[in-house]
Amino acid sequence: MSARKIFAALILVFYAQCSSAEVTPKQVLSDPRFYPLVEATRKHGAEYLPGRYVVTMELPSRTGGTPILASTQMIIEIGEPDTQTYPFRYDIHGGKKAEGYMILDTESEAPLLISYTKNALGKFDLSGKSYAGLYESDKAWLTGAVSDGSMNILIPINDIYFPEGWYLGAWKCSDGTQFTFDGGKMYSNGQEIGTFTVDDNRITVTASDGSKDTVYAIWNPYKKIIVMTFSSGPNGMGMNAGVFERMNDSEKPKTTPKIPESNSSPKTKTPKTQSPTNQPQHEPKMPSKFPPMPKVNMPARNIDITGVWGAYVEGKQVILQYQGNNYFGWINGVPSEMGIFTINGNKITGTSSKGEKFTNEIDIDDSSEFLDMTYTNGLTVRYQKLR
């Protein structure tokens, strides 16, 4: 199978399962997703690595079922090399920005991409070590973390995936969601919701009240679809993704412009009508004051912590992964704990595989980039979202 065909399949559905132990070069070289890329990586990786990339990761599907490989909020820009190191900058939309350098090792048993990120003191910390494979025809990269095998694809911001007007038209998802991008305006199921601008893969919508929201999207040129990432979804779902197909002419909703709000309305003559015989006519009366607020118990807002989180605690690298109702922990790359958990409001309760029970308090910032966990001993650790 060609690299182009492999990538066309990977971009829609991320079928890889992350391992819970460090991945060896032997495993990588026997993986059918990686070994076809090794030769091109050794020959042309150093030449093709510089560029701007959308970082993708596995996200829950808004329609349920298999997770989808979709755009994150992160864009990374890799510069031309200085000797054997590549400077890079990344930004998470609306949140953190960072810089550092990478080393591409094509002479190792399996090609490696090693990252160092500048910390608050201006020093560089080892922040990632991944096996790397170049899709020569697409200039995209498949990476798999050495620590646990978790995979990402770096999609180049070029004319293949972001040709002029790639987002225009009417699109539908299998859950019934429809979006139309036309004439600088965005419509949902035919109703205008605001104007929009596009910057790389970020489609930012501005409503009439000035509020803004951003959708992160990628055009798949092989399947002729758009994969959209949303910061929140139906039924309290956190960050999620959906596959949108282009609608044909018979399916396209009739777009309706938003009616401008006005304090006055044109006066029109309303014809008088007679009520049926012996049937009194009741007109609604405007309430004059508010009744007492009803006594209700609002349900607790559950926090979605699905994904991989990392922190340095007392000089040790701590990695936590939450998927479904299972959690896994590593300290300095060594498995330390696993178990089950549930979340109720801002409390996470769980039981480890050794039978130990715990209840911690959690909080997540508005960007969903940082998770604060307060343990029973009063210690609070801030974890950063890694994927």
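Predicted model, so just to flag it, every value in this text is computed and none were measured.
A single hydrophobic cluster is seen to contain both L371 and V381, as judged by linkage of ILVMFWY side chains at heavy-atom distances under 4.5 Å, directly or through other members. If you chain together hydrophobic residues whose side chains sit under 4.5 Å apart, L168 and M228 fall into the same group. Hydrophobic clustering (side-chain heavy atoms under 4.5 Å, transitive across Ile, Leu, Val, Met, Phe, Trp, Tyr) keeps V55 apart from F370. Both L320 and I343 are members of a single hydrophobic cluster when ILVMFWY side chains are connected at heavy-atom separations under 4.5 Å. Hydrophobic clustering (side-chain heavy atoms under 4.5 Å, transitive across Ile, Leu, Val, Met, Phe, Trp, Tyr) keeps Y216 apart from V54.
You'll find the side chain of I348 reaches within 4.5 Å of the side chain of F358, heavy atoms only. Looking only at side-chain heavy atoms (C-beta outward), P111 and V38 come within less than 4.5 Å of each other. Counting heavy atoms from C-beta on, the side chains of T229 and V215 never come closer than 4.5 Å. T380 places none of its side-chain heavy atoms less than 4.5 Å from the side chain of M373. A heavy-atom distance below 4.5 Å is not found between the side chains of D363 and N346. Looking only at side-chain heavy atoms (C-beta outward), P25 and Y131 come within less than 4.5 Å of each other. The closest side-chain heavy-atom distance from Q178 to M247 is below 4.5 Å. A 4.5 Å side-chain heavy-atom check between L29 and F34 finds every atom pair outside the cut-off.
For the pair E136 and Y48, the tightest heavy-atom approach, listed with the atom from each and the gap, is CG-CE1, 3.9 Å. Taking both residues in full, the closest heavy atoms of M186 and F196 are given as N-CD2, 3.8 Å, listed atom of the first, atom of the second, then distance. For T177 against N189, the heavy-atom pair with the smallest separation is C-OD1, 4.1 Å. Taking both residues in full, the closest heavy atoms of V227 and L69 are given as CG1-O, 4.1 Å, listed atom of the first, atom of the second, then distance. Minimum interatomic distance between T117 and F88 (heavy atoms only, all atoms of both residues): OG1-CZ, 3.8 Å. Nearest approach of I305 to F341, heavy atoms of both residues: CD1-CE1, 4.3 Å.
Distance alone, capped at 3.5 Å, is enough to place a donor-acceptor pair between the N119 side chain and the K123 backbone. At distances below 3.5 Å, not a single donor-acceptor pair connects side-chain atoms of Y116 with backbone N or O atoms of G128. Panel note: side chain N220, backbone K223; a donor-acceptor pair is recorded below 3.5 Å. With E47 contributing its side chain and H44 its backbone, the two residues share no donor-acceptor pair below 3.5 Å. Between the side chain of D138 and the main chain of A140, no donor-acceptor pair closer than 3.5 Å is present. Distance alone, capped at 3.5 Å, is enough to place a donor-acceptor pair between the T24 side chain and the Q27 backbone. With hydrogens and angles ignored, the 3.5 Å screen pairs a side-chain donor or acceptor of S352 with a backbone N or O of E356.
Aromatic ring centroids of Y167 and F244 lie 6.0 Å or more apart. Y101 has its ring centre less than 6.0 Å from the ring centre of F124.
Salt bridge annotation for K385-E369: absent, with no cationic side-chain nitrogen under 4.0 angstrom from a carboxylate oxygen. Salt bridge annotation for E77-R89: absent, with no cationic side-chain nitrogen under 4.0 angstrom from a carboxylate oxygen. Of the charged side-chain nitrogens involved, none lies within less than 4.0 Å of a carboxylate oxygen, so that R202 and D200 do not count as a salt-bridged pair.
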Verdict with supporting geometry, D209 and S211, side chain to side chain donor-acceptor pair (under 3.5 Å): CA-CA 6 Å; D209 63 0; S211 61; 2.7 Å; yes

side-chain contact (heavy atoms from CB on, under 4.5 Å) assessment of I203 paired with F181: CA-CA 10 Å; I203 304 175; F181 300 95; 3.7 Å; yes

Stepwise side-chain contact (heavy atoms from CB on, under 4.5 Å) check, T66 with S61: CA-CA 7 Å; T66 307; S61 168; over 6 Å; no

Residues W171, R246; criterion side-chain contact (heavy atoms from CB on, under 4.5 Å); working and verdict: CA-CA 5 Å; W171 306 88; R246 191 182 293 277; 3.3 Å; yes

Y327 vs E337, side chain to side chain donor-acceptor pair (under 3.5 Å): CA-CA, chis, key distance, verdict: CA-CA 8 Å; Y327 74 89; E337 186 178 333; 2.5 Å; yes

Audit row: Y135, L142, side-chain contact (heavy atoms from CB on, under 4.5 Å) steps and yes/no: CA-CA 8 Å; Y135 296 103; L142 175 65; 3.5 Å; yes

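Under the 3.5 Å distance criterion, with hydrogens and angles disregarded, no donor-acceptor pair is assigned to the side chains of T180 and D182. Between the side chains of T214 and T204, a donor-acceptor pair is found at a separation under 3.5 Å. Side-chain atoms of S130 and T143 form no donor-acceptor pair, as typed in the model, at a separation below 3.5 Å. Checking Y375 against E361 by side-chain atom types alone, no donor-acceptor pair falls below 3.5 Å. Between the side chains of K212 and T206, at least one donor N or O lies within less than 3.5 Å of an accepting N or O. Looking only at atom types and distance, the side chain of N201 has no donor-acceptor partner in the side chain of Y161 under 3.5 Å away.
Rounding to the nearest 0.5 Å gives a distance of 9.5 Å between OG of S174 and CZ of R62. Separating the CE atom in M74 from the NZ atom in K97 is a distance of 12.5 Å, to the nearest 0.5 Å. Between the OG1 atom in T306 and the CG atom in N240 there is a gap of 11.5 Å [rounded to 0.5 Å]. Here the CG atom belonging to L154 is positioned 6.5 Å from the CD1 atom belonging to I78, to the nearest 0.5 angstrom. Distance check, rounded to the nearest 0.5 Å: CD1 of I218 to CD1 of I153 gives 9.0 Å. Atom CD1 of I362 sits about 8.5 Å away from atom CG of N360, to the nearest 0.5 Å.
Atom CE of M338 has 12 or fewer heavy atoms from other residues, nucleotides or ligands within 6.0 Å. The number of heavy atoms from other shown groups lying within 6.0 Å of CD (Q84) does not exceed 12. The local environment of CD in E39 is sparse, with at most 12 non-hydrogen atoms from other residues, nucleotides or ligands closer than 6.0 Å.
Applying the side chain to side chain contact (heavy atoms under 4.5 Å, CB included) test between V318 and each of Y312, W330, Y383 identifies Y383 as the sole match.
Note on ring orientation: taking the six-membered ring where Trp is involved, the planes of F162 and W166 are perpendicular (angle over 60°, cut-offs 30° and 60°).
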